[in-house]
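Position 1 is the first residue of the sequence; numbering continues from there.
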Amino acid sequence: FKLQLTSLCIDAGIDLNLCTADGNEPSSWTPAPTISMPAGAASVGARFRYDDVGLVQLYLQTMDATIGTALPFVSVPYEIRLMSKVGTVETAFATSTLDQSTLMFARAGDMFGMTAASYTAQGTVTPNFGAEGSAEFDLPAIERGAAAGSGAFTAMTELPALQGNFGAIVAGKAAGTQFHWDEVGVIKLTPKLKLETYLTIPVTTVPAYIGRFIPDHFVTSATRMDCVPNMKCDTDVTIAAYSKEPMTTVKVAARAAGGTATKNYQGVYARKVQLAAFGNPKVAYTPLTGLSDGTVEAATFKDGIADAKP
């Protein structure tokens with residue numbers, strides 16, 4: 001005999017192809033395949049694919065228009081994953097650990113965009129996700145994104161929370177453009193649902209490995225001697241040194257965009273820093289010559305701070 005299948009979405013909120021929402025009588029059916037029923041068999045198996053999610057009920061119709069129904073079941077996402085978003089362009093994050101040689105992703109504290117979405121096994125977004133009203137994305141769980149025991153892992157002594165949030169889910173996807181992480185290193189983000197399950201069923205989440213984050217800027221501080229009246233220092237200058245005399249205490253500190261310390265700038269994440277002299281800071285930073293011993297070696301950074309002796 002032949003049969004046809006259709007589906008009914010329960011509390012879905014939207015109409016989908018081969019899915020009639022909110023208890024309405026199904027009106028769209030699949031083509032009628034031929035199903036062979038062996039003699040004496042009470043049932044026969046059939047395979048089908050449903051490219052969306054939700055609480056679903058199947059209807060069966062034979063060629064003489066006899067209709068039967070199945071018990072409702074939950075069609076869950078094949079996976080939930082994060083994507084990088086720049087403008088309207090989305091790209092995949094890495095799916096394995098990163099290290100100190102990974103190309104720069106962002107400066108510490110800089111804003112970046114991400115999307116979180118529900119996907120089918122074929123990699124398409126499931127548009128019904130979120131329409132049932134119970135799905136909402138939380139901030140992703142954060143971990144170190146380097147291989148355990150590696151230098152890139154052990155140098156990350158700080159792991160502050162990710163800042164930002166996702167907007168409302170639209171057609172299975174939520175986006176946010178104001179995410180930022182205020183440290184140096186590589187991180188692993190795992191998407192999370194606020195209810196932790198989808199219609200009470202656990203879901204598969206795919207971690208995203210993101211980095212490398214680098215300092216936004218460096219600040220320097222120096223201690224030698226106080227400005228005395230005869231030096232005629234500017235009002236905002238309090239430290240002085242005689243020409244060609246070493247400035248015995250100069251500290252260089254790595255900072256995030258908001259000015260907070262980036263203590264992970266050490267070990268394999270640190271890079272050599274070169275100090276330079278500038279004049280006329282109130283008008284324009286004019287490069288000056290004559291500064292010697294201005295190199296700060298990477299190995300001297302600890303907790304994002306290093307001493308220099310220019």
Side-chain angles (χ1 to χ4, degrees), residues 84 93 97-114 139-165 176-190 208-224 226 236-241 246-278 281 285 291 293-310:
S84 173
F93 286 119
T97 56
L98 307 176
D99 59 26
Q100 71 277 5
S101 63
T102 303
L103 294 177
M104 184 195 83
F105 172 74
R107 298 180 186 275
D110 277 0
M111 302 295 180
F112 61 93
M114 287 194 302
L139 269 179
I142 185 170
E143 301 174 67
R144 291 167 178 80
S150 66
F153 186 92
T154 57
M156 293 181 61
T157 56
E158 302 294 320
L159 192 66
L162 178 73
Q163 303 297 318
N165 57 75
T177 59
Q178 302 293 310
F179 292 102
H180 61 96
W181 190 61
D182 300 342
E183 254 297 352
V184 165
V186 293
I187 56 177
K188 171 185 174 182
L189 297 180
T190 303
Y209 292 83
I210 304 174
R212 178 172 48 102
F213 292 85
I214 68 171
D216 177 74
H217 62 279
F218 295 87
V219 296
T220 58
S221 60
T223 301
R224 178 61 187 174
D226 294 335
D236 59 346
V237 176
T238 59
I239 305 300
M247 291 173 274
T248 54
T249 306
V250 176
K251 291 190 178 293
V252 180
R255 293 285 187 262
T260 57
T262 54
K263 294 185 178 182
N264 293 344
Y265 192 76
Q266 59 184 345
V268 296
Y269 292 115
R271 302 290 189 268
K272 182 187 294 186
V273 174
Q274 186 67 42
L275 299 179
F278 286 82
Y285 281 92
L291 182 70
D293 299 323
T295 299
V296 185
E297 298 295 339
T300 63
F301 279 92
K302 173 66 175 174
D303 292 332
I305 300 175
D307 291 333
K309 295 182 179 180

Which heavy-atom pair separates [X] from [Y] by the least distance, and what is that distance?
| X | Y | result |
| --- | --- | --- |
| A308 | L275 | CB-CD1, 3.9 Å |
| G109 | H180 | O-CB, 3.6 Å |
| W181 | F112 | N-CE2, 4.1 Å |
| L139 | L162 | CD1-O, 3.4 Å |

Residue pairs, two or more places apart or on separate chains, that pass side-chain hydrogen bond (donor to acceptor under 3.5 Å, both in side chains) and touch residues 209-220:
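Output for this query is empty, none listed.
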Please list all pairs meeting side-chain hydrogen bond (donor to acceptor under 3.5 Å, both in side chains) that have one or both residues in residues 251-260, counting only residues at least two apart or in different chains.
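As it turns out, the side-chain hydrogen bond (donor to acceptor under 3.5 Å, both in side chains) pairs with a partner in residues 251-260, which skip direct neighbours, are K251-D307.
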Would you check if the side chain of Q178 reaches a backbone N or O of M111 as a donor-acceptor pair within less than 3.5 Å?
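Pair absent, no side-chain N/O of Q178 close to backbone of M111.
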Short question: side chain of Q266, backbone of D303 - any donor-acceptor pair under 3.5 Å?
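Yes; at least one donor-acceptor contact below 3.5 Å.
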Do L159 and I142 have side-chain heavy atoms sitting under 4.5 Å apart?
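When only atoms from C-beta onward are counted, I142 and L159 do touch, with a gap below 4.5 Å.
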Heavy-atom distance under 4.5 Å between the side chains of F301 and V252, does that happen here?
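A side-chain contact under 4.5 Å exists here.
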Can you sort out the partners of K302 under salt bridge (charged side-chain N to carboxylate O under 4.0 Å, His left out), two or more places apart, ordered by chain and number?
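Partners of K302 by the salt bridge (charged side-chain N to carboxylate O under 4.0 Å, His left out) criterion come out as none, since no residue qualifies.
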Not counting sequence neighbours, which residues clear side chain to side chain contact (heavy atoms under 4.5 Å, CB included) with A254? List them please.
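Partners of A254 by the side chain to side chain contact (heavy atoms under 4.5 Å, CB included) criterion, ordered by chain and then number, come out as P215, F218, T262, Y265.
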Partners meeting side chain to side chain contact (heavy atoms under 4.5 Å, CB included) with T300 (sequence neighbours left out):
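T300 satisfies side chain to side chain contact (heavy atoms under 4.5 Å, CB included) with V296, E297, A306 once adjacent residues are dropped.
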Sequence neighbours excluded and cut-off under 3.5 Å, please list the side-chain donor-acceptor pairs for residues 145-156, or say none.
{"residue": "S150", "atom": "OG", "partner": "A147", "partner atom": "O", "Å": "2.6"}
{"residue": "S150", "atom": "OG", "partner": "F153", "partner atom": "N", "Å": "3.2"}
{"residue": "T154", "atom": "OG1", "partner": "S150", "partner atom": "O", "Å": "3.3"}
{"residue": "T154", "atom": "OG1", "partner": "G151", "partner atom": "O", "Å": "3.4"}

Between T157 and N264, does the side-chain contact (heavy atoms from CB on, under 4.5 Å) criterion hold? Intermediate values first, please.
CA-CA 6 Å; T157 56; N264 293 344; 3.6 Å; yes
Under the rule for ring pair (Phe, Tyr, Trp, His ring centres under 6.0 Å), what residues qualify as partners of F179, not counting sequence neighbours?
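Ring pair (Phe, Tyr, Trp, His ring centres under 6.0 Å) list for F179, sorted by chain: F166.
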From [X] [atom1] over to [Y] [atom2], what is the distance, rounded to the nearest 0.5 angstrom?
| X | Y | atom1 | atom2 | result |
| --- | --- | --- | --- | --- |
| I187 | F93 | CD1 | CZ | 8.5 Å |
| D110 | I214 | CG | CD1 | 8.5 Å |
| N165 | M114 | CG | CE | 10.0 Å |

Qualifying salt bridge (charged side-chain N to carboxylate O under 4.0 Å, His left out) pairs, either residue in residues 141-165, two or more places apart
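Salt bridge (charged side-chain N to carboxylate O under 4.0 Å, His left out) check on residues 141-165 returns E143-K188.
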